[in-house]
Amino acid sequence: MALPDDRYNFRETEAKWQTTWAAKNSFTIEEPSSKPKYYVLEMFPYPSGRLHMGHVRNYTLGDVVARYKKAKGFNVMHPMGWDAFGLPAENAALERGVHPGKWTLQNIAVMREQFQPLGLSLDWSREITSCDPAYYKHEQKMFLDFLKAGLAYRKESWVNWDPVEHTVLANEQVIDGKGWRSGADVEQRKLNQWFLKITHFAEDLLQAIEGLDRWPDKVRLMQHNWIGRSEGARVLWPLVSKDGKDTGETLEVFTTRPDTLFGASFCAISSQHPLAVKAAEGDAALADFIADCNRSGTSTAAIETAEKKGYDTGLKARHPFDPTKTVPVYVANFVLMAYGSGAIFGCPGHDERDMEFARKYFLPVRCVVAPVGEDAVAFAAKLEAGNVAFSDDGVAINSDFLNGLKVDAAKRAAIDKLESLKLGKGTVQYRLRDWGVSRQRYWGCPIPIIHCDSCGAVPVPDKDLPVTLPEDVTFDVPGNPLERHPTWKNVNCPTCGKAARRETDTFDTFFESSWYFARFCSPNLTDRPFSETAAMKWLPVDQYIGGVEHAVLHLLYSRFFTRAMSACGYLNLQEPFDGMFTQGMVCHETYRGADGAWLEPGSVNKTGDSASYNGQPVTVGRSEKMSKSKKNTVDPQRILDTYGADSARLFMLSDSPPDRDLEWTDAGIEGAWRYLNRLWRLAVNAAEIPDGPLPLVLDPAPAGVQRQIHRTISAVSDDLEKFRFNSAVARIRELSNALADMDRSVVGGNAVYRFGVATVAQLINPLAPHISEEIWQMLGTTSILTETKWPAFDPALLEDDTVTIAVQVNGKLRGTITVAKAADKAALETAALAIPAVQKQLDGKPPRKVIIVPGKIVNIVAA
RNA sequence: GCGGGCAUGGCGGAACUGGUAGACGCGCCAGACUCAAAAUCUGGUGUCCUUGGACGUGGGGGUUCGAUUCCCUCUGCCCGCACCA
């Protein structure tokens with residue numbers, strides 16, 4: 001007789017089930033359906049042309065959730081699309097002379113094929129591509145609606161300019177003073193730009209973080225800090241010209257410490273402040289100083305090393321509480337135009353920076369807050385003589401009507417006074433700034449605006465939407481090809497008909513990703529971006545999964561967009577993502593040859609602790625995120641060809657908790673592959689056992705395994721709910737081990753074994769869907785596992801009748817006792833004291849105290 | 001500088017609300033099978049000393065009958081923000 005092949009044929013099996021699922025449309029939603037909905041979404045990929053391990057991990061994690069929820073009885077939506085606008089397409093055009101659109105669509109075709117062998121439970125009928133006019137025409141309309149609603153505007157302002165990408169960057173895209181993609185030092189430029197009014201929702205975006213209880217704390221904290229709320233006051237300082245006359249103008253400053261106003265010794269304004277620009281007109285030295293400030297001050301290194309510098313404008317500001325007193329007005333390099341009003345008052349005694357500035361320019365230091373309970377006079381003398389500011393809580397001194405008040409009360413009193421004098425008011429300031437969405441790029445969604453000399457910025461009429469990109473463009477010169485296109489740019493004004501110009505900027509690519517999750521709800525609708533009914537049914541996304549690098553960028557923009565879309569009547573929803581999960585990176589060891597060049601893992605010979613390349617020694621570096629530059633990438637295609645999708649999935653899921661970094665190792669994937677083969681052999685044996693009911697009375701061994709099966713169902717379900725996939729795998733392996741070790745010849749042995757194998761197949765299905773389907777089929781079931789309900793456990797079988805509990809003496813383990821679960825304290829104590837090792841420790845003396853926690857522990861305190 | 005997180009065998013990591021530390025896996029060691037290798041299987045594997053113990057969750061201290069878990073403190077690493085008034 002031919003023995004069944006004991007080696008699992010993943011190639012055949014995986015292809016077979018992928019075909020089956022596709023033929024049965026297993027992953028499209030049920031419509032109509034009485035089941036509760038569940039929307040699983042992973043951040044859609046940029047079509048770079050190659051699937052990498054980070055993708056595999058991301059989509060595997062989402063797939064586990066999608067498959068598990070489906071088995072749990074939810075109507076699951078799990079769509080996929082392409083974040084298809086972006087700079088790499090233009091770079092490809094530059095390097096290879098291929099059109100960005102063509103390059104992108106080719107990549108999408110390649111990657112869609114690469115996705116297939118992963119066996120993901122995706123609904124491809126909902127596929128969307130963001131560079132398709134059928135997609136982006138809706139966001140053009142949406143933008144015009146935002147404009148009407150006052151949520152979009154155009155303004156000349158200082159912007160972050162990336163000199164390598166030749167485009168503007170949003171604040172969120174500037175990391176350490178450098179462009180987030182190019183790494184180039186960002187410059188400041190003054191340009192006319194379109195902005196989305198994200199600050200309109202600052203308070204709401206902040207408050208609502210509270211309710212995002214299924215988001216990682218880390219991300220919530222990052223958004224909280226990014227929005228950066230601070231309470232304070234705007235204070236008006238009447239200005240006095242150089243010749244001592246009141247100019248009638250006022251200088252507005254923002255402060256969080258109005259209680260320290262009596263300690264003011266100067267005012268300082270940003271080099272970009274209108275007052276500074278005006279003052280520089282008649283002062284060449286000041287103009288030079290301002291130019292100097294604008295040049296530096298962006299890169300990290302510059303900020304860290306830059307000393308506080310100022311230039312006295314000669315203007316004076318009159319103190320709001322004491323009109324007899326004036327302070328000098330400086331232009332200072334450390335004052336940011338973009339925060340508050342671009343001007344501050346300096347209180348050296350209670351602000352570190354102001355102290356540094358005051359010492360440098362010999363400005364007075366006045367103590368106006370002293371710690372509670374300290375001698376105020378002595379403290380003030382010390383502070384005013386020293387170089388250290390005091391910024392903690394205390395009591396106001398030397399402050400007229402504020403004297404004796406603690407900081408909070410003094411703040412309130414100062415604000416009340418300012419308001420009664422009409423020289424200021426209490427206010428809330430945010431760090432968050434409006435989102436600049438104009439990009440001087442070709443490969444993005446055109447901004448549907450026409451600039452007319454007579455009519456200004458005119459929205460493109462609805463009937464002319466979408467504004468599509470011209471195909472005939474070249475990339476041989478830097479800059480935006482739309483800008484120099486001969487015809488596309490020149491159009492007539494829709495309002496007056498005169499010659500006008502199209503807006504040649506395109507949207508930031510974060511625009512597309514800010515609403516795609518809603519588009520998936522009605523991906524083929526032509527007249528609207530999505531149906532409100534469908535969106536309100538499916539949104540919010542129940543589980544969103546992606547990298548932590550989008551903690552403030554994409555996730556904040558999407559939260560804003562959802563509010564903006566609601567404000568414009570597209571839907572009625574505040575938060576787009578109910579549950580958020582941020583996965584860790586995929587890492588690998590790095591290798592360098594004798595010449596210091598990076599080496600690919602595949603080319604390095606590893607034997608034990610040493611490594612070599614062509615006989616030369618290789619330096620093994622620490623594990624880092626897989627990247628092309630360090631050559632420590634592993635091609636998913638090769639892994640899938642060698643071990644199959646289930647092995648790759650299982651390894652990625654079992655090696656580390658999903659939110660931590662994963663270290664890719666060959667040994668690890670081989671371990672997963674070995675396990676699948678062991679599981680396969682269990683199944684081959686189980687398939688020979690005829691199906692039938694379990695005997696009523698089981699031999700103790702299978703009875704124990706029977707309980708373990710139920711415990712495992714319970715534990716794995718819990719693990720899957722809580723993203724503890726690594727622990728779920730461990731439990732399943734434990735059960736597999738127990739099944740393999742069990743004596744099947746006793747009463748109930750075979751039946752429990754068969755039941756156990758079937759259960760393992762069900763439990764591992766979300767993690768390794770192909771082999772589990774195959775096993776399920778081998779066991780003679782008629783349904784496919786993908787359409788089978790998640791197994792239930794019998795609560796009565798979760799626990800044993802007897803329990804083994806630890807016995808400690810003085811907190812140290814001295815033995816264990818196995819007793820009936822219901823055993824009372826007295827029985828536990830008697831059993832514990834009978835242990836020889838315990839008696840030895842007690843040395844004949846009676847115990848001083850015995851702590852008994854039934855079912856858990858007995859701890860004997862020796863005399 | 002400010003804010004947050006983490007630290008457990010050779011390695012990745014378990015340990016739910018304080019209750020048998022090291023589950024599960026990787027690696028390693030020994031054995032079986034083999035002419036041999038691979039694959040597979042069996043057993044072992046925190047450290048130290050002699051059975052039996054002692055020690056052990058980054059260091060130090062504390063609370064507790066009992067601490068990987070709670071508190072204080074120090075050290076190291078990682079992440080975010082960065083002159084935010």
Side-chain angles (χ1 to χ4, degrees), chain A residues 6-7 175-177 216-226 228-230 232 253-257 260 268 297 300 302-304 306-308 332-336 338-347 350-354 356-357 429-433 548-549 551-552 608-609 623 650-651 654-657 660-663 665-672 674-675 677-678 681 715 718-719 722 724 726-737 740 804-816 837 840 847-853 855-862:
Chain A
D6 69 342
R7 200 115 159 120
I175 315 289
D176 291 339
D217 288 341
K218 181 190 164 76
V219 174
R220 301 203 303 174
L221 186 71
M222 280 167 73
Q223 293 214 352
H224 184 99
N225 293 339
W226 189 263
R229 182 184 201 273
S230 40
V253 307
F254 173 72
T255 179
T256 54
R257 295 292 303 273
T260 64
T300 327
I303 289 168
E304 268 173 5
E307 53 175 324
K308 310 263 174 295
N333 65 345
F334 65 93
V335 180
L336 306 172
Y339 187 75
S341 59
I344 61 160
F345 83 83
C347 178
H350 306 284
D351 183 283
E352 210 182 300
R353 286 160 314 182
D354 296 347
E356 194 187 328
F357 193 79
Q429 184 67 45
Y430 299 91
R431 209 188 76 108
L432 182 71
R433 284 182 259 162
V548 74
E549 66 274 16
V552 279
D609 285 344
S623 187
L650 202 61
F651 166 60
S654 64
D655 184 70
S656 307
R660 278 201 229 173
D661 288 353
L662 169 98
E663 192 186 340
T665 59
D666 287 347
I669 180 95
E670 268 165 35
R674 263 202 304 274
Y675 171 71
N677 279 294
R678 295 210 303 134
R681 285 192 296 274
D718 194 41
D719 285 340
K722 293 174 178 154
R724 292 190 304 234
N726 55 325
S727 148
V729 174
R731 305 255 152 99
I732 294 170
R733 291 181 86 132
E734 268 178 296
L735 178 56
S736 308
N737 292 345
T804 301
I805 68 172
V807 178
Q808 298 178 334
V809 177
N810 293 335
K812 289 205 169 115
L813 183 72
R814 295 298 166 188
T816 59
K840 191 181 154 192
R848 194 154 63 90
K849 194 176 173 187
V850 181
I851 291 117
I852 299 166
V853 184
K856 292 215 165 150
I857 204 153
V858 177
N859 189 15
I860 296 154
V861 186

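- Between G62(B) and G10(B), the distance separating the two P atoms is 28 Å to the nearest Å.
- At whole-Å resolution of the value, CD in E356(A) and C1' in C83(B) are 9 Å apart.
- U8(B) and A85(B) have their C1' atoms separated by 45 Å, with the value rounded to a whole Å.
- In this structure, D666(A) places its CG atom 11 Å from P of G27(B), rounding to the nearest Å.
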- Item | Under 4.0 Å protein heavy-atom contacts per nucleotide of nucleotides 53-58 of chain B, with B for base, S for backbone only and - for none | -SS---

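- Mapped onto RNA chain B by nearest heavy atom, E352(A) and R678(A) fall at different nucleotides, with E352(A) at the one closer to the 5' end.
- Atom C1' of nucleotide A38(B) and atom CD of E670(A) are separated by 11 Å, given to the nearest angstrom.
- Within 90° of 0 lies the glycosidic angle of G9(B), which makes this nucleotide syn.
- Here G671(A) lies in heavy-atom contact (under 4.0 Å) with sugar-phosphate atoms only.
- Rounding to the nearest 0.5 Å gives a distance of 10.0 Å between CZ of R731(A) and CG of N726(A).
- When the shell of 6.0 Å around CD of E352(A) is examined, it contains 12 or fewer heavy atoms from other residues, nucleotides or ligands.
- Between K856(A) atom NZ and I851(A) atom CD1 the span is 15.0 Å, to the nearest 0.5 Å.
- At whole-Å resolution of the value, CG in D354(A) and P in A85(B) are 11 Å apart.
- Distance CG/L813(A) to CG/N859(A): 10.0 Å, rounded to 0.5 Å.
- For W226(A), taking side-chain heavy atoms from C-beta onward, the closest of the listed nucleotides A85(B), C41(B), C81(B) is C81(B).
- Base-pairing analysis of RNA chain B finds the following stems of at least three consecutive Watson-Crick or G-U pairs, with both pairing distances under 3.5 Å: B:1-7 with B:75-81, B:10-12 with B:24-26, B:27-32 with B:40-45, B:46-49 with B:52-55, B:58-62 with B:70-74.
- Look at the P atom in both G44(B) and G58(B): the space between them is 28 Å, to the nearest Å.
- Between atom CZ of residue F334(A) and atom NZ of residue K308(A) there is a gap of 6.5 Å, rounded to the nearest 0.5 Å.
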- 5' to 3', nucleotides 9-21 of chain B under a 4.0 Å protein heavy-atom cut-off (B base, S sugar-phosphate only, - none) gives ---SSS----BB-

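- The gap from the C1' atom of C84(B) to that of G5(B) amounts to 24 Å, rounded to the nearest Å.
- Nucleotides U20(B) and A67(B), compared at atom P, are 12 Å apart to the nearest Å.
- No hydrogens or angles were tested; on distance alone, a donor-acceptor pair under 3.5 Å links the side chain of K308(A) to the base of C83(B).
- Under the side chain to side chain donor-acceptor pair (under 3.5 Å) criterion, K722(A) pairs with D718(A), sequence neighbours left out.
- Y675(A) has its OH atom 17 Å from the C1' atom of C41(B), to the nearest Å.
- Listed by chain and number, the residues in a side chain to side chain donor-acceptor pair (under 3.5 Å) with Q429(A) are R234(A) (sequence neighbours excluded).
- Among the heavy atoms of the strands lying under 4.0 Å from L221(A) are primed sugar atoms or P, OP1, OP2 only; no base atom is included.
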- Item | Intermediate values then yes/no, side chain to side chain contact (heavy atoms under 4.5 Å, CB included), I805(A) and I857(A) | CA-CA 6 Å; I805(A) 68 172; I857(A) 204 153; 5.9 Å; no

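- Closest non-hydrogen pair, T260(A) versus F345(A), comes out as OG1-CZ, 3.6 Å.
- Regarding I344(A), its CD1 atom lies at a distance of 11 Å from the P atom of A85(B), rounded to whole Å.
- One interatomic measurement links the two molecules: CD of Q223(A) to C1' of C81(B), which rounds to 14 Å at whole-angstrom precision.
- For R257(A), the side chain to side chain donor-acceptor pair (under 3.5 Å) test picks out D259(A), with sequence neighbours left out.
- Look at the P atom in both G27(B) and G12(B): the space between them is 15 Å, to the nearest Å.
- The side chain of R674(A) places an N or O atom within less than 4.0 Å of a non-bridging phosphate oxygen (OP1 or OP2) of C26(B).
- OP1 or OP2 of C84(B) sits under 4.0 Å from a side-chain N or O of R353(A).
- If you take CD of E734(A) and P of G22(B), they are 12 Å apart, rounded to a whole angstrom.
- For S654(A) and Y675(A), the side-chain atoms include no donor-acceptor pair closer than 3.5 Å.
- Nucleotides of RNA chain B nearest to N737(A) and S341(A) differ in position, and the one nearer the 5' end is that of N737(A).
- G3(B) and C49(B) have their P atoms separated by 47 Å, given to the nearest Å.
- Taken to the nearest 0.5 Å, the CG atom of N810(A) stands 8.5 Å off from the CZ atom of R848(A).
- Inspection of the R431(A) and N225(A) side chains reveals no N or O donor paired with an N or O acceptor under 3.5 Å.
- In this structure, D354(A) CG and I344(A) CD1 are separated by 4.5 Å, a value rounded to the nearest 0.5 Å.
- Distance noted for atom C1' between C33(B) and A39(B): 11 Å (whole Å).
- As judged by a 4.0 angstrom heavy-atom cut-off over every strand, V729(A) is placed among residues making no nucleic acid contact.
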